[in-house]
Amino acid sequence: MALAGTSRWGMVLTGVLALAGIGTGTPPAFAGSIPLVSPTPESTVGFDGVVYASTHVGTTVYLGGNFTHAIVGGKPVARKRLAAVDARTGKLLSWAPLADDTVMALTAVGATLYVTGEFTAVGGAPRAGLAGIDLKTGAVGPLRHTVKGTGQALAAADGRLYLGGSVTAVDGRPVRNLAAFRLDGGALDGGFRGGVSGKVRVLSAAGSRLYAGGDFKGHLAALRPTDGQVDTSFRPATPYGVMALTVAAGRVFAALAGPGGRVVAYRPDGSLVWSSVTDGDVQAITYRDGAVYAGGHFTTACSGPSRSATAWCPTKQRSQPKLAAWDPATGRLLSWNPRSNGRWGVLTLSVNPATSAITVGGDFTAFGGTGRPRFAQFGS
């Protein structure tokens, strides 16, 4: 099935792109040396299970996953699938609500951290797949819905909280892997009619667009945040499943699965700028200070871009286990190489606006010879 709710949104393209908040002028220049973060991770706590999600509020990074303990000085400290870390020091904070099953995604709005995943309770309160938690106290808020299926993606914009995943119903109302809730009061937004034919793995709000990526037909789309209808001015030809997205510097950067994996850059109209090949899925992506960083369970990456999103590497591949960085203008592989490990490697990447450090989560245990179980930060 195709994306639901396709409409004739007959706006002049330049006007649409300006509204999208991406820009329509000359693409930004990326000339000169690109400042990269250090390839050596900073000192931080670790975790005994996978870190699937991360988000930043000030100098605090909030984490979600299937871990049950943080590892502090080699000793376990109980943290049931949710934790907070001081991004300046890498130390574990006292914030410690309990989720009874895996947390897959996080997003923060105001004083609340919204979480989704496989849980049925948070802090002892019944919360089936979706909850709001106070960022300071860890108390569970009043938001309460019954999500049938598994939530895997969250985003917030335009007064709404957006949920994506393998979701068939919310409070008994049928949905097609997408739903929206009013941030004021928490009610399910019946005016949001977006839906897709398969799993939504990532949501990203930027300007007047809500980008959705995943395993559905077409793999990548832009929706109107108000009603979920498709923005037809964004027409990417995305051949493989989209695992992660970041929107920055006049581009939409996507992490793809497929034969091997791909990091792909799109213009605001969805046309391809470049595609770069890895030998395994790319599962996380972010942008910092003139460079695109991506992670996954790949072990090598192509040193130069391919002719198309389906073409294989035209040059030699370089050993690049689990993490790499690319020039956003050309798709050229940059020198940064922390050399991580793990079966699945990196599953979440985010940049801390307060410190400019990059937060990394996954199932890895080390970078080079430096042990960092499942959580790490890289600074300048």
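Since the structure is predicted, the reported quantities are computational estimates derived from the model, not experimental observations.
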Next on the checklist: Checking Ser303 against Thr315: is there a side-chain donor and acceptor pair closer than 3.5 Å?
Outcome noted: yes

Next on the checklist: Return the CZ to SG distance between Arg318 and Cys302, rounded to the nearest 0.5 Å.
Outcome noted: 10.5 Å

Checklist entry - Hey, quick one: are Phe378 and Phe375 part of the same hydrophobic cluster, counting side-chain heavy atoms closer than 4.5 Å, chains of contacts allowed? => result no

Checklist entry - Can you tell me how far the CE atom of Met243 sits from the CD atom of Gln283, to the nearest 0.5 Å? => result 5.0 Å

Next on the checklist: So that I know where these two stand, are Phe364 and Trp344 an aromatic pair - ring centroids less than 6.0 Å apart?
Outcome noted: no

Checklist entry - Is it the case that one hydrophobic cluster holds both Tyr52 and Phe119, taking links as side-chain heavy atoms less than 4.5 Å apart, direct or via other members? => result no

Next on the checklist: Treating Asp231 as the side-chain partner and Ala222 as the backbone partner, does any N or O pair qualify as donor plus acceptor under 3.5 Å?
Outcome noted: no

Item to check | Interatomic distance, Leu161 atom CG to Leu130 atom CG [nearest 0.5 angstrom] | outcome: 6.0 Å

Checklist entry - If you measure from CD1 on Ile71 to CG on Leu92, what distance do you get to the nearest 0.5 Å? => result 11.0 Å

Item to check | Chi angles and distances behind the side chain to side chain contact (heavy atoms under 4.5 Å, CB included) call for Thr226, Asp158 | outcome: CA-CA 7 Å; Thr226 53; Asp158 200 49; 3.2 Å; yes

Next on the checklist: Over 60° means perpendicular and under 30° means parallel, so tell me whether Trp274 and Phe253 are parallel, tilted or perpendicular.
Outcome noted: tilted

Next on the checklist: So Leu334 and Arg332, do their side chains get closer than 4.5 Å, heavy atoms only?
Outcome noted: yes

Item to check | Minimum side-chain heavy-atom gap Pro239-His219 below 4.5 Å | outcome: no

Checklist entry - What about Val147 and Leu183, same hydrophobic cluster or not, with Ile/Leu/Val/Met/Phe/Trp/Tyr joined at side-chain heavy-atom distances under 4.5 Å? => result yes

Item to check | Taking every non-hydrogen atom, the tightest pair across Ser208 and Pro225 | outcome: O-CD, 3.0 Å

Checklist entry - Going only through I, L, V, M, F, W and Y residues with side-chain contacts under 4.5 Å, is there a path from Val140 to Tyr114? => result no

Next on the checklist: Quick check on the 6.0 Å ring-centre criterion: do Tyr162 and Phe181 meet it?
Outcome noted: no

Checklist entry - Would you say Asn66's side chain and Val50's backbone share a donor-acceptor pair under 3.5 angstrom? => result yes

Next on the checklist: For Tyr240, is there any backbone N or O sitting under 3.5 Å from a side-chain donor or acceptor partner on Thr238?
Outcome noted: no

Checklist entry - Judged by atom type as modelled, is there a donor-acceptor pair below 3.5 Å linking the side chain of Arg267 to the main-chain atoms of Leu272? => result yes

Checklist entry - So do the side chains of Leu63 and Val61 get within less than 4.5 Å of each other, counting heavy atoms only? => result yes

Checklist entry - Should the pair Phe67 and Phe47 be assigned to parallel (<30°), tilted (30 to 60°) or perpendicular (>60°) ring geometry? => result tilted

Checklist entry - Can you check salt bridge (Lys or Arg N to Asp or Glu O under 4.0 Å) on Asp189 and Arg160, steps first, answer last? => result CA-CA 8 Å; Asp189 186 350; Arg160 296 171 178 85; 2.6 Å; yes

Item to check | Whether Arg173 side chain and Asp171 backbone form a donor-acceptor pair below 3.5 Å | outcome: no

Item to check | Trace of the side chain to side chain donor-acceptor pair (under 3.5 Å) decision for Arg127 with Thr146 | outcome: CA-CA 7 Å; Arg127 294 293 185 271; Thr146 299; over 6 Å; no

Item to check | Full working for side chain to side chain donor-acceptor pair (under 3.5 Å) between Ser306 and Ser275 | outcome: CA-CA 6 Å; Ser306 304; Ser275 174; 5.2 Å; no

Item to check | Any Val115 side-chain heavy atom under 4.5 Å of Ile133 side chain | outcome: yes

Next on the checklist: Please find the pair of heavy atoms, one from Glu118 and one from Asp101, that lie closest to each other, and give the distance.
Outcome noted: O-CB, 3.5 Å

Next on the checklist: For a 4.5 angstrom cut-off between non-hydrogen side-chain atoms, does Leu93 reach Val85?
Outcome noted: no

Item to check | Flag side-chain contact, heavy atom, 4.5 Å: Arg372 against Thr44 | outcome: yes

Checklist entry - Got a donor-acceptor contact below 3.5 angstrom from the Arg79 side chain to the Pro76 backbone? => result no

Next on the checklist: What verdict does the side chain to side chain donor-acceptor pair (under 3.5 Å) test give for Thr300 and Ser319, after you've listed the backbone C-alpha separation in whole Å, the side-chain angles of each residue and the deciding distance to 0.1 Å?
Outcome noted: CA-CA 4 Å; Thr300 65; Ser319 175; over 6 Å; no

Next on the checklist: The test is side chain to side chain contact (heavy atoms under 4.5 Å, CB included); show your working for Leu245 and Val252 and say whether it passes.
Outcome noted: CA-CA 7 Å; Leu245 294 168; Val252 178; 4.3 Å; yes

Checklist entry - Where is the tightest heavy-atom contact between Thr348 and Ser54, given as atom of each residue plus distance? => result OG1-OG, 3.0 Å

Next on the checklist: Donor-acceptor check, side chain of Thr120 to backbone of Ala128, threshold 3.5 angstrom: yes or no?
Outcome noted: no

Item to check | Single-linkage hydrophobic cluster, 4.5 Å side-chain cutoff, Met104 and Leu98 together | outcome: no

Checklist entry - Is the Tyr62 to Trp95 ring centre distance short of 6.0 Å? => result yes

Checklist entry - Less than 4.5 Å apart, any side-chain heavy atom of Ser335 and any of Leu36? => result yes

Item to check | Heavy-atom check, side chain of Phe192 versus side chain of Asp227, under 4.5 Å | outcome: no

Item to check | Steps toward side chain to side chain donor-acceptor pair (under 3.5 Å) verdict (Thr365, Asn341) | outcome: CA-CA 7 Å; Thr365 58; Asn341 65 356; 2.9 Å; yes

Next on the checklist: Any donor-acceptor pair under 3.5 Å linking the side-chain atoms of Thr246 with those of Arg288?
Outcome noted: no

Checklist entry - Would you find a donor on one side and an acceptor on the other, under 3.5 Å apart, between the side chain of Asn337 and the backbone of Gln320? => result no

Next on the checklist: Would Val263 and Leu256 count as a side chain to side chain contact (heavy atoms under 4.5 Å, CB included) here? Give the steps.
Outcome noted: CA-CA 6 Å; Val263 174; Leu256 272 57; over 6 Å; no

Item to check | Spacing of Gln377 atom CD and Glu42 atom CD [to the nearest 0.5 Å] | outcome: 5.5 Å

Next on the checklist: Quick check: closest heavy atoms across Leu349 and Val360, and the distance to 0.1 Å?
Outcome noted: CD2-CG2, 3.5 Å

Next on the checklist: For His56, is there any backbone N or O sitting under 3.5 Å from a side-chain donor or acceptor partner on Asn352?
Outcome noted: no

Checklist entry - Looking at OG1 of Thr278 and CD of Gln317, how far apart are the two atoms once the value is rounded to the nearest 0.5 Å? => result 8.0 Å

Next on the checklist: With side chain to side chain contact (heavy atoms under 4.5 Å, CB included) as the criterion, how do Leu203 and Thr107 come out once you've worked through the C-alpha distance, each side chain's angles and the decisive distance to 0.1 Å?
Outcome noted: CA-CA 11 Å; Leu203 295 170; Thr107 194; over 6 Å; no

Checklist entry - Any chance the side chains of Thr112 and Asp134 put a donor and an acceptor closer than 3.5 Å? => result no

Checklist entry - Trp326 side chain to Ser276 main-chain N or O, any donor-acceptor pair under 3.5 Å? => result no

Item to check | Shortest non-hydrogen contact between Arg81 and Ala99, atoms and distance | outcome: NH1-O, 2.7 Å

Next on the checklist: Show the nearest heavy-atom pair for residues Lys322 and Arg343, with the distance to one decimal.
Outcome noted: NZ-O, 4.2 Å

